Amino acid sequence: MTAQVSLFNTLTRRVEPLQPLAPPRVTLYTCGPTVWNFAHIGNFRTFLFEDLLRRWLEHSGYDVFHIMNLTDVDDRTIKAARQAGKRLVEHTAPFTKAFFEDRDYLRIRPAHVYTAATEYMPQMIALVSRLLERGVAYKGEDGSVYFAIAKFPTYGRLSQLDKREIKVGARVASDEYAKGDPSDFALWKKADAEDEAVGAAWDAPFGRGRPGWHLECSAMSLEEIGKCCGVQTLDIHAGGIDLIFPHHENEIAQSEGATGQPFARHWVHGEFLNVRGTKMSKRHGNFLTARDLREQGVDAAAVRLLFFQTHYRQPVDFTDEALDAAKEGVRRLGEFHERLQKTGRGEKGEVLSGLAEKLEADVATALNDDLNAPRAVAALFDFVRAANRELDKPVPPPATARALAAFERVTGLLDLLPTARAADPAFVRWVEERIAARAQARKSKDFKAADAIRAELVAKGVEIEDTPQGTKWRLA
RNA sequence: GGCGCCGUAGCCAAGUGGUAAGGCAGAGGUCUGCAAAACCUCGAUUCGUCGGUUCGAUUCCGACCGGCGCCUCCA
């Protein structure tokens with residue numbers, strides 16, 4: 001019996017074993033960014049947890065097929081294009097490119113397929129046609145096509161809508177006269193002048209228009225898993241917690257209304273990144289983008305550690321203090337890695353091998369249990385401390401090959417090792433010359449001169465460390 | 001109003017019906033010419049408050065206080 005990956009399933013509100021339709025294959029669909037602007041790190045918190053999920057599944061032997069969508073036609077992209085005086089695609093293309101750059105900076109594994117909504121128009125139109133044929137959709141008096149939730153009895157299961165009461169008030173759409181039920185949602189919106197102005201309108205049998213927001217995820221995921229795997233049910237569908245309603249609820253209605261098959265077996269949702277207790281968002285203006293961090297020279301490993309130190313279903317507050325703490329943690333992991341690499345190799349020692357085994361076992365237990373990354377991180381630091389203690393002994397034990405392998409597997413999985421920063425070669429020569437001069441001074445017990453050189457180096461951002469093997473240095 | 005989440009040491013944050021992981025910061029110590037790194041020791045008699053269930057609750061139930069999210073296009 002191998003260890004079993006378990007995940008919280010929003011559908012049942014319980015942690016359940018993952019049971020893919022056709023193991024070892026796992027189809028994973030994650031809701032991606034809307035490319036109307038730069039994604040902020042709150043968005044990336046979700047993508048980072050999904051990245052870990054993907055990596056852990058693969059590490060566990062699953063063959064993951066990962067699809068991520070790019071929303072490049074919706075209210076916001078159209079509005080933003082309009083304001084920029086551009087065609088829709090001209091406006092979104094640079095943000096798609098930026099998203100990929102940010103993804104790479106944060107060391108997020110690329111999905112196998114990125115589906116941009118505008119490239120799946122035929123599939124979306126076909127899906128709407130099918131829903132019309134099946135009688136679960138209708139054309140409203142305003143020319144748009146709506147989904148009739150009354151025709152879909154299980155509507156609301158994911159968000160437990162049956163227990164809700166829709167708030168009556170200002171938010172209820174003013175176009176409700178066009179719909180049979182105020183809660184029916186648009187599958188296809190009749191093109192208006194603004195849509196036409198930016199080129200966001202397509203011809204369809206049921207009228208010229210553009211897709212409603214939810215439509216793309218259904219059409220694209222069904223198309224892709226059909227093509228790759230011949231199925232109409234996703235194993236895992238993931239996204240931010242705010243997508244549960246209405247987005248994912250509507251996706252279920254559209255997809256199941258068309259296929260008659262369960263849309264996704266396992267729904268996984270990540271909590272928000274907050275700033276002083278409030279959700280990070282463009283609307284609140286309290287956001288930070290990945291490129292902001294990159295420009296500040298923040299190592300992506302620190303961002304990853306920061307996020308992985310909190311469980312994905314808990315809200316986290318983003319603060320500079322927390323980021324600094326994570327930077328320090330990453331530094332320590334890097335130092336330890338170097339130490340392990342430099343220690344003599346052996347195959348037989350016991351203590352370190354035992355620690356290495358425990359590390360991997362603890363990490364597996366933690367991640368199998370609803371992707372408990374904080375516990376995996378704790379296991380990693382436990383290992384670092386225990387191993388350092390061993391290596392501090394007068395006669396360090398062997399078996400570092402085993403320890404190194406385990407450490408590298410775990411840090412590789414979480415991707416937490418600091419990025420090696422390449423310094424300018426001339427600068428390196430200068431630093432090494434200064435260190436040599438200091439060594440001379442120390443040799444002749446001229447500690448004043450030695451300390452002066454150290455101060456000189458520190459002023460240039462170089463931190464030094466005297467070890468039995470000589471003086472080490474690094475950029476602060 | 002409906003549905004849901006959170007409140008654990010200075011800060012961040014795991015966790016379990018049986019007596020509180022880990023990270024950062026701080027204090028002392030070992031080591032060091034001094035530093036740095038690393039290691040050791042120290043910190044919540046206590047997990048928002050008040051009740052209840054229980055032999056026993058931070059963990060279950062209820063109420064309350066405080067913060068937050070979603071409720072038709074927000075990761």
Side-chain angles (χ1 to χ4, degrees), chain A residues 13 30-34 39-50 71 74-76 156 159-169 171-173 182-186 189 212-214 238-247 249-250 269-274 276-284 305-306 309-311 313-319 321-332 335-336 339 362 366 372-382 384-386 388-393 442 445-447 450-451 454 458 463-468 471-474:
Chain A
R13 314 268 158 161
T30 57
C31 279
T34 300
H40 57 68
I41 57 172
N43 302 125
F44 277 107
R45 181 188 179 197
T46 299
F47 304 145
L48 236 14
F49 116 71
E50 293 163 345
T71 300
D74 80 320
D75 288 1
R76 287 184 300 170
S159 54
Q160 307 195 340
L161 195 68
D162 44 319
K163 291 201 283 180
R164 295 174 182 237
E165 288 174 17
I166 299 284
K167 184 179 182 179
V168 181
R171 296 293 298 269
V172 171
S183 296
D184 289 350
F185 58 91
K189 299 175 124 176
W213 174 39
H214 320 295
I241 193 169
D242 50 346
L243 298 182
I244 295 173
F245 188 84
H247 189 53
E249 198 67 76
N250 292 349
H269 294 96
E271 255 290 353
F272 290 134
L273 181 66
N274 293 152
R276 273 186 297 257
T278 299
K279 172 183 181 180
M280 176 179 285
S281 70
K282 289 266 161 52
R283 191 158 54 92
H284 291 129
L305 179 61
L306 175 63
Q309 275 182 307
T310 304
H311 188 87
R313 286 195 291 117
Q314 291 294 327
V316 223
D317 236 57
F318 183 85
T319 63
E321 293 74 21
L323 182 60
D324 285 344
K327 286 178 190 166
E328 191 57 26
V330 163
R331 198 222 86 238
R332 195 165 152 217
E335 295 269 315
F336 175 74
R339 182 175 195 189
D362 287 350
N372 195 323
R375 241 160 62 201
V377 169
L380 185 60
F381 280 101
D382 278 339
V384 170
R385 189 176 359 85
N388 263 324
R389 188 161 50 213
E390 289 304 310
L391 296 172
D392 273 352
K393 288 181 174 169
R442 291 179 73 212
K445 306 277 183 205
D446 184 358
F447 296 119
D451 290 348
R454 178 165 58 200
V458 167
E463 285 179 353
I464 62 173
E465 193 182 317
D466 296 321
T467 76
T471 299
K472 280 169 56 181
W473 66 278
R474 65 165 181 273

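Chain A is the first sequence line, chain B the second, and so forth, proteins listed ahead of strands; every chain is numbered from 1. Remember, it's a predicted structure, so these values are computed and weren't measured experimentally.
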Does the plane of the ring in H214(A) sit parallel, tilted or perpendicular to the ring in H247(A)? Use 30° and 60° as the thresholds.
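If you compare the ring of H214(A) with that of H247(A), the planes turn out tilted.
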Categorize [X] for me: base, sugar-phosphate, or nothing, with a 4.0 angstrom heavy-atom threshold over every strand shown.
X: I464(A); value: base
X: T278(A); value: sugar-phosphate
X: R331(A); value: sugar-phosphate
X: G42(A); value: base

Of all the nucleotides listed ([options]), which has the minimum atom distance to the side chain of [X]?
X: D451(A); options: G69(B), G23(B), C34(B); value: C34(B)
X: R339(A); options: U72(B), A38(B), G69(B); value: A38(B)
X: D382(A); options: C34(B), A21(B), A37(B); value: A21(B)

Any R332(A) side-chain nitrogen or oxygen under 4.0 Å from OP1 or OP2 of G23(B):
yes
Tell me whether the side-chain N/O atoms of Q160(A) come closer than 4.0 Å to OP1 or OP2 in G4(B).
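True: Q160(A) side-chain N/O within range (under 4.0 Å) of G4(B) OP1/OP2.
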What do you reckon, do F381(A) and the base of G22(B) stack, with centroid distance below 5.5 Å and planes below 30°?
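Stacking is absent between G22(B) and F381(A), given that the ring centres and planes do not meet under 5.5 Å and under 30°.
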Determine the Euclidean distance between corresponding C1' atoms of G10(B) and A27(B); express it in Å to zero decimal places.
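Those two atoms are separated by 13 Å.
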Give me the distance, rounded to whole Å, that separates A13(B) from A44(B) when you measure between the C1' atoms they each carry.
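Result for the C1' pair: 14 Å, nearest Å.
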Nearest heavy atom decides the nucleotide; on that basis, is R474(A) or G329(A) closer to the 5' end of RNA chain B?
G329(A)
With RNA chain B as reference, determine whether A322(A) or A386(A) sits nearer its 5' end, using the nearest nucleotide of each.
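Nearest nucleotide further toward 5': that of A322(A).
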Tell me: [atom1] of [X] to [atom2] of [N], nearest whole Å?
X: R45(A); N: C12(B); atom1: CZ; atom2: C1'; answer: 12 Å
X: Q314(A); N: C68(B); atom1: CD; atom2: C1'; answer: 13 Å
X: H311(A); N: U8(B); atom1: NE2; atom2: P; answer: 18 Å
X: K472(A); N: A37(B); atom1: NZ; atom2: C1'; answer: 7 Å

Between the base of G69(B) and the side chain of N274(A), is there a donor-acceptor distance below 3.5 Å?
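Answer is no: no donor-acceptor pair is held.
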